Amino acid sequence: SEISLIAKQKTRPPKVSLSDRLLLFLIWVKNNPSFKFLEVVTSLPEKTCRRYCLKMLDTLTSMADINMGTFEERKDSAVTFRNALVTMVVDGSEQQCSAPIERGNSEMFYSGKKGKHTITKLVVCSPSNGRILWMSQSYQGSKTDMSMIQNNCNHFWTTADKSEYIMADKGFRGLDTYWSTVCIPITGATSEIVEFNNELSHYRIIIENVFAQIKKWKITTYTLNLRFNDIKEAVVYHDKIWTVVGWLTNKFHRFGLRV
């Protein structure tokens, strides 16, 4: 019958324009809804929503341009801290994830600092306007800031001039063995040391403001559910998310230094 013939026909989802796919992706990244929810509000199949978002994630990851810039560009956005030309502020940030089923993997993702399973990443920004200069690849949460720094691929200062200083918190003690010009909190309780550390914190707060802006994109704050056959895929997925969000943060945000 005519009805049975119609029933046998395969129904295809409506064609979606590139701009609408980009909008769908931005909604997903900004609010972190489930793909099932996106199916309800868009009338697209859940699998189609997932495919569009992950495809756009790959596309924007390849387009994301986060770079150190030139020395002159870094110098223009530097600050002077006690006669030191500070052009880079570095810190690490962690995002909670679900505990992997396998015990060995669970230990790799467990962060002693947070007391949770996490994925972590290093970020470097400009000290005056907060422009993200560099992001490391993502790592399992058991990695500390300095253990990531020890990896040669994370030596972000290789193109820097010797006059440039890096500012960091106490978690980066030992950084001066790799790059001699660093500004890091000093241990002690004398009035001079307290004054030094407070002044340093005044400038270093810029990286915390950058993280706050990144985490306005809810996909970077919610617990990542590690539904991956290969744990490396989970780390790569986190890396793509943070790379794209970091790139978007550079495009749409600037952070004025407190004075």
Side-chain angles (χ1 to χ4, degrees), residues 16-35 37-38 41-42 49-79 86-96 118-138 156 159 166-168 202-224 235-259:
V16 179
S17 67
L18 180 60
S19 59
D20 284 343
R21 280 183 248 175
L22 178 59
L23 178 60
L24 178 68
F25 171 81
L26 292 174
I27 292 171
W28 174 58
V29 175
K30 183 66 176 177
N31 300 293
N32 198 38
S34 66
F35 292 114
F37 177 83
L38 290 177
V41 298
T42 64
C49 292
R50 181 189 298 274
R51 186 177 74 253
Y52 282 160
C53 287
L54 295 182
K55 179 67 175 177
M56 186 62 69
L57 178 63
D58 288 337
T59 300
L60 294 183
T61 299
S62 65
M63 292 173 57
D65 182 23
I66 298 176
N67 62 79
M68 295 289 288
T70 65
F71 169 60
E72 291 302 322
E73 289 171 336
R74 292 194 300 275
K75 189 176 178 180
D76 287 343
S77 56
V79 297
V86 179
T87 59
M88 298 165 278
V89 184
V90 61
D91 202 359
S93 184
E94 299 179 66
Q95 181 174 0
Q96 186 174 354
T118 66
I119 299 178
T120 186
K121 177 183 286 289
L122 294 174
V123 177
V124 176
C125 78
S126 159
S128 66
N129 60 23
R131 185 174 76 86
I132 298 172
L133 303 174
W134 176 86
M135 281 182 161
S136 73
Q137 65 186 58
S138 299
F156 57 87
T159 60
I166 300 171
M167 186 172 283
H202 167 79
Y203 289 101
R204 204 194 64 78
I205 194 68
I206 190 75
I207 189 70
E208 302 298 340
N209 294 339
V210 169
F211 287 142
Q213 288 297 331
I214 287 175
K215 292 177 181 180
K216 285 186 176 180
W217 300 80
K218 299 301 183 185
I219 202 166
T220 65
T221 60
Y222 283 45
T223 300
L224 285 175
V235 176
V236 170
Y237 173 74
H238 176 272
D239 188 62
K240 289 178 181 179
I241 291 290
W242 276 68
T243 297
V244 171
V245 171
W247 178 58
L248 292 172
T249 300
N250 268 356
K251 281 190 168 295
F252 299 114
H253 295 282
R254 284 296 181 269
F255 312 89
L257 181 67
R258 295 181 304 159
V259 294

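Not measured: the values here are computed from a predicted model.
- Counted within 6.0 Å of CZ on F37, heavy atoms from surrounding residues, nucleotides or ligands total 12 or fewer; the atom is thus considered open.
- Closest approach of V79 to S128, counting heavy atoms only: CG1-CB, 4.1 Å.
- Nearest heavy-atom pair, V235 versus S138, reported as atom, atom and distance to 0.1 Å: CG1-O, 3.0 Å.
- Between F71 and T159 there is no side-chain heavy-atom pair separated by less than 4.5 Å.
- Minimum interatomic distance between W242 and K121 (heavy atoms only, all atoms of both residues): CB-CE, 3.5 Å.
- For the pair V123 and W134, the minimum side-chain heavy-atom distance is 4.5 Å or more.
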Assess whether side-chain contact (heavy atoms from CB on, under 4.5 Å) is satisfied between K55 and R21, documenting all intermediate values.
-> CA-CA 10 Å; K55 179 67 175 177; R21 280 183 248 175; over 6 Å; no
Audit row: D20, T42, side-chain contact (heavy atoms from CB on, under 4.5 Å) steps and yes/no | CA-CA 10 Å; D20 284 343; T42 64; over 6 Å; no
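- Here the side chains of L26 and L248 are in contact, with some heavy-atom distance below 4.5 Å.
- W28 and F35 have their aromatic ring centers within a separation under 6.0 angstrom.
- The shortest side-chain heavy-atom distance between M167 and V90 does not fall under the 4.5 Å cut-off.
- Looking at heavy atoms from C-beta onward, H238 lies out of side-chain contact with I241 at the 4.5 angstrom threshold.
- In this structure, the side chain of R74 does not engage the main chain of M88 through any donor-acceptor pair within 3.5 Å.
- Between the side chain of Q95 and the backbone N or O of Y222, at least one donor-acceptor pair lies under 3.5 Å.
- A donor-acceptor contact shorter than 3.5 Å is absent between the side chain of N31 and the backbone of P33.
- Rounded to the nearest 0.5 angstrom, M63 CE and T243 OG1 are separated by 13.5 Å.
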In sequence, state the C-alpha distance, the side-chain angles, and the governing distance for V89 and Y203, and then conclude on side-chain contact (heavy atoms from CB on, under 4.5 Å).
-> CA-CA 9 Å; V89 184; Y203 289 101; over 6 Å; no
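- When only modelled atom types and interatomic distance are considered, K240 and T61 share no side-chain donor-acceptor pair under 3.5 Å.
- R131 CZ to T249 OG1: the interatomic distance, rounded to the nearest 0.5 Å, is 13.0 Å.
- Donor-acceptor pairing under 3.5 Å is recorded for the side chains of S17 and S19.
- Taking CG of L24 as the reference point, atom CZ of R50 lies at 12.0 Å (rounded to 0.5 Å).
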Apply the test side-chain contact (heavy atoms from CB on, under 4.5 Å) to residues F25 and V244: give CA-CA distance (whole Å), side-chain angles for both, the deciding distance (0.1 Å), then the verdict.
-> CA-CA 11 Å; F25 171 81; V244 171; 4.0 Å; yes
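- Between the T87 side chain and the A78 main chain, no donor and acceptor come within less than 3.5 Å of each other.
- Side chains of S93 and K215: a donor-acceptor N/O pair is present below 3.5 angstrom, by distance only.
- With values rounded to the nearest 0.5 angstrom, T221 atom OG1 is found 12.5 Å from K216 atom NZ.
- Annotation: the span from L133 atom CG to I66 atom CD1 amounts to 9.5 Å, rounded to 0.5 Å.
- Between L122 and D91, the closest side-chain pair of non-hydrogen atoms is not below 4.5 Å.
- How far CH2 of W217 is from CG of N32: 12.5 Å, rounded to the nearest 0.5 Å.
- Two residues are said to be in side-chain contact when any heavy atoms from C-beta on lie closer than 4.5 Å; L60 and L22 meet this criterion.
- Within the 4.5 Å cutoff, no side-chain heavy atoms of K218 are placed close to those of V29.
- Here the side chain of N250 pairs a donor or acceptor atom with the backbone of I132 at under 3.5 angstrom.
- Closest non-hydrogen pair, I206 versus S126, comes out as CG1-O, 3.9 Å.
- Judged by distance alone, the side chain of Q213 and the main-chain N or O of V210 form no donor-acceptor pair under 3.5 Å.
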